[in-house]
Amino acid sequence: KHPQHLKLASDGLMPHWDKAQLQRGLQVYKEVCSACHSLNLVAFRNIEDLGYTEGQIKTFAKGFQVPSINPDTGEPATRDGLPSDHFPAPFPNEVAARAANNNALPPDLSLITKAREGGKDYVYSLLTGFQNPPANLPKELRPGTGLHFNPYFANLNLAMAPPLQDGSVTFADGSPNDLKSIAKDVTAFLVWTAEPKLVKRVQVGWASLIFL
């Protein structure tokens, strides 16, 4: 199926960031998506753009364990995250990632809304599109063992199980946490990770155009 259109505050000729929505999306990523998907190009300090204070960023980063080296033994170790660290990958390497995901490699999500045809519409549609295959679907197109039917995916079947359900995440501000709302929030967050300077770029573009 063609992806369904998702309307966000960052769309159009006068985009802006809905920071409350982006914070909810970050929460969804941390509590759900980060179990399998990395966010390699985003540092903890970058979330200052979402409205977090320096102290909140330090506390948030400390909640992650990042790879390190024991200075006494030289052996691999972990430590609390620092604002300068990037979000740690959930698996040590590709082999481990495939072994935990039915031999499928979970993609890094940093640029996912720009890397996939359809962008944010595709990501949102995929997250909300899991369903039982129709009765008239040819046998060769039906999902095999460990696969899940999704009409928005290229070959209809993917290894990722439905990651989100109604109530998967509870938001402190009482925002809706049904499947579509959660998917919209995390998609908005991934639009920001893919192009964090989007709003500033458009503002500079308009200012330059008016000046000229």
Side-chain angles (χ1 to χ4, degrees), residues 1-13 15-19 21-47 49-50 64 85-130 143 146-164 168-169 179-180 182-202 205:
K1 288 185 177 181
H2 291 293
Q4 50 191 314
H5 177 62
L6 174 65
K7 184 177 181 180
L8 295 176
S10 54
D11 293 343
L13 298 177
H16 65 276
W17 297 121
D18 181 340
K19 292 187 177 181
Q21 182 178 56
L22 297 184
Q23 290 184 12
R24 295 194 301 270
L26 171 60
Q27 181 182 342
V28 177
Y29 169 78
K30 181 182 178 182
E31 295 185 12
V32 181
C33 311
S34 64
C36 297
H37 294 276
S38 56
L39 207 61
N40 292 331
L41 301 182
V42 183
F44 294 125
R45 63 188 174 195
N46 295 145
I47 67 172
D49 295 345
L50 310 188
F64 288 81
D85 291 319
H86 285 68
F87 281 77
F91 303 105
N93 52 51
E94 180 178 333
V95 174
R98 289 186 180 278
N101 291 278
N102 196 28
N103 203 38
L105 180 64
D108 179 78
L109 297 182
S110 304
L111 301 174
I112 197 68
T113 59
K114 296 184 74 68
R116 294 293 186 269
E117 183 178 358
K120 62 180 175 60
D121 296 341
Y122 167 76
V123 172
Y124 173 76
S125 298
L126 191 75
L127 290 173
T128 59
F130 288 92
L147 297 178
H148 306 271
F149 180 77
N150 192 312
Y152 298 101
F153 193 62
N155 67 2
L156 304 182
N157 303 295
L158 70 166
M160 180 176 71
L164 303 175
S168 293
V169 177
L179 170 61
K180 290 187 176 181
I182 295 174
K184 182 176 182 179
D185 290 342
V186 74
T187 302
F189 171 69
L190 294 176
V191 169
W192 172 80
T193 65
E195 197 170 3
K197 303 301 182 184
L198 168 66
V199 172
K200 184 65 175 178
R201 176 174 59 79
V202 174

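A donor-acceptor pair under 3.5 Å is absent between the side-chain atoms of Thr113 and the main chain of Gly119, judged by distance alone. In terms of modelled atom types and a separation under 3.5 Å, the side chain of Thr193 and the main chain of Leu190 share a donor-acceptor contact. With Asn101 contributing its side chain and Asn103 its backbone, the two residues share no donor-acceptor pair below 3.5 Å. Formation of a donor-acceptor pair under 3.5 Å by the Thr128 side chain with backbone atoms of Tyr124 is found in this model. When atom types are taken as modelled, the side chain of Ser125 and the backbone of Tyr152 share no donor-acceptor pair closer than 3.5 angstrom. Formation of a donor-acceptor pair under 3.5 Å by the Gln27 side chain with backbone atoms of Val169 is not found in this model. No donor-acceptor pair closer than 3.5 Å links the side chain of Asp185 to the backbone N or O of Ile182. Although no hydrogens or angles enter the test, the distance criterion places no donor-acceptor pair under 3.5 Å between the side chain of Asn102 and the main chain of Ala104. A donor-acceptor pair under 3.5 Å is absent between the side-chain atoms of Asp121 and the main chain of Pro3, judged by distance alone.
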>> Using side-chain contact (heavy atoms from CB on, under 4.5 Å), reason through Leu126 and Arg116 one step at a time and then give a plain yes or no.
In response: CA-CA 11 Å; Leu126 191 75; Arg116 294 293 186 269; over 6 Å; no

>> Walk me through whether Phe64 and Phe87 qualify under ring pair (Phe, Tyr, Trp, His ring centres under 6.0 Å).
In response: CA-CA 8 Å; Phe64 288 81; Phe87 281 77; 5.6 Å; yes

> Step by step, would you call Phe153 with Leu147 a side-chain contact (heavy atoms from CB on, under 4.5 Å)?
Replying inline: CA-CA 12 Å; Phe153 193 62; Leu147 297 178; over 6 Å; no

>> Determine whether Leu39 and Ser34 satisfy the following criterion, side-chain contact (heavy atoms from CB on, under 4.5 Å), listing intermediate values before the conclusion.
In response: CA-CA 8 Å; Leu39 207 61; Ser34 64; over 6 Å; no

> Going through the checks in order, is the side-chain contact (heavy atoms from CB on, under 4.5 Å) test met by Lys184 and Lys7?
Replying inline: CA-CA 9 Å; Lys184 182 176 182 179; Lys7 184 177 181 180; 5.7 Å; no

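When all heavy atoms of Val123 and Thr187 are compared, the pair lying nearest together is CG1-OG1, 3.9 Å. Minimum heavy-atom separation, Ala183 to Leu127: CB-CB, 4.0 Å. Val186 approaches Cys33 most closely through the heavy-atom pair CG2-SG, 4.1 Å. When all heavy atoms of Ala35 and Pro90 are compared, the closest pair comes out as O-CB, 3.5 Å. Taking each heavy atom of Pro163 and Phe130 in turn, the nearest pair found is CD-CE1, 3.7 Å. Taking both residues in full, the closest heavy atoms of Pro15 and Val202 are given as CD-CG1, 3.6 Å, listed atom of the first, atom of the second, then distance.
Contact check for Pro143 versus His148: no side-chain heavy atoms found under the 4.5 Å cut-off. By the 4.5 Å heavy-atom criterion applied to side chains, Asn150 and Asn157 are not counted as neighbours. Here the side chains of Asn46 and Pro196 are not in contact, with every heavy-atom distance at 4.5 Å or above. The closest side-chain heavy-atom distance from Phe91 to Ser38 is not below 4.5 Å. Within the 4.5 Å cutoff, the side chain of Phe189 has heavy atoms near those of the Tyr29 side chain.
The line from CH2 of Trp192 to CD of Gln23 is 10.5 Å long, rounded to the nearest 0.5 Å. From Asp49, atom CG reaches atom NZ of Lys200 across 11.5 Å, with rounding to the nearest 0.5 Å. Here the straight-line distance linking atom CG of Leu105 with atom SG of Cys36 works out to 11.0 Å at 0.5 Å rounding. With rounding to the nearest 0.5 Å, the separation of CZ in Phe44 from CG in Asp85 is 6.0 Å.
Between Asp11 and Lys120 there is a salt bridge, since a side-chain N of the basic residue sits under 4.0 Å from a carboxylate O of the acidic one.
Under the side-chain contact (heavy atoms from CB on, under 4.5 Å) criterion, Ala188 pairs with Leu8, Gln21, Leu22, not counting sequence neighbours.
Listed by first then second residue, pairs satisfying salt bridge (charged side-chain N to carboxylate O under 4.0 Å, His left out) with a partner in residues 98-109 read Glu94-Arg98, not counting sequence neighbours.
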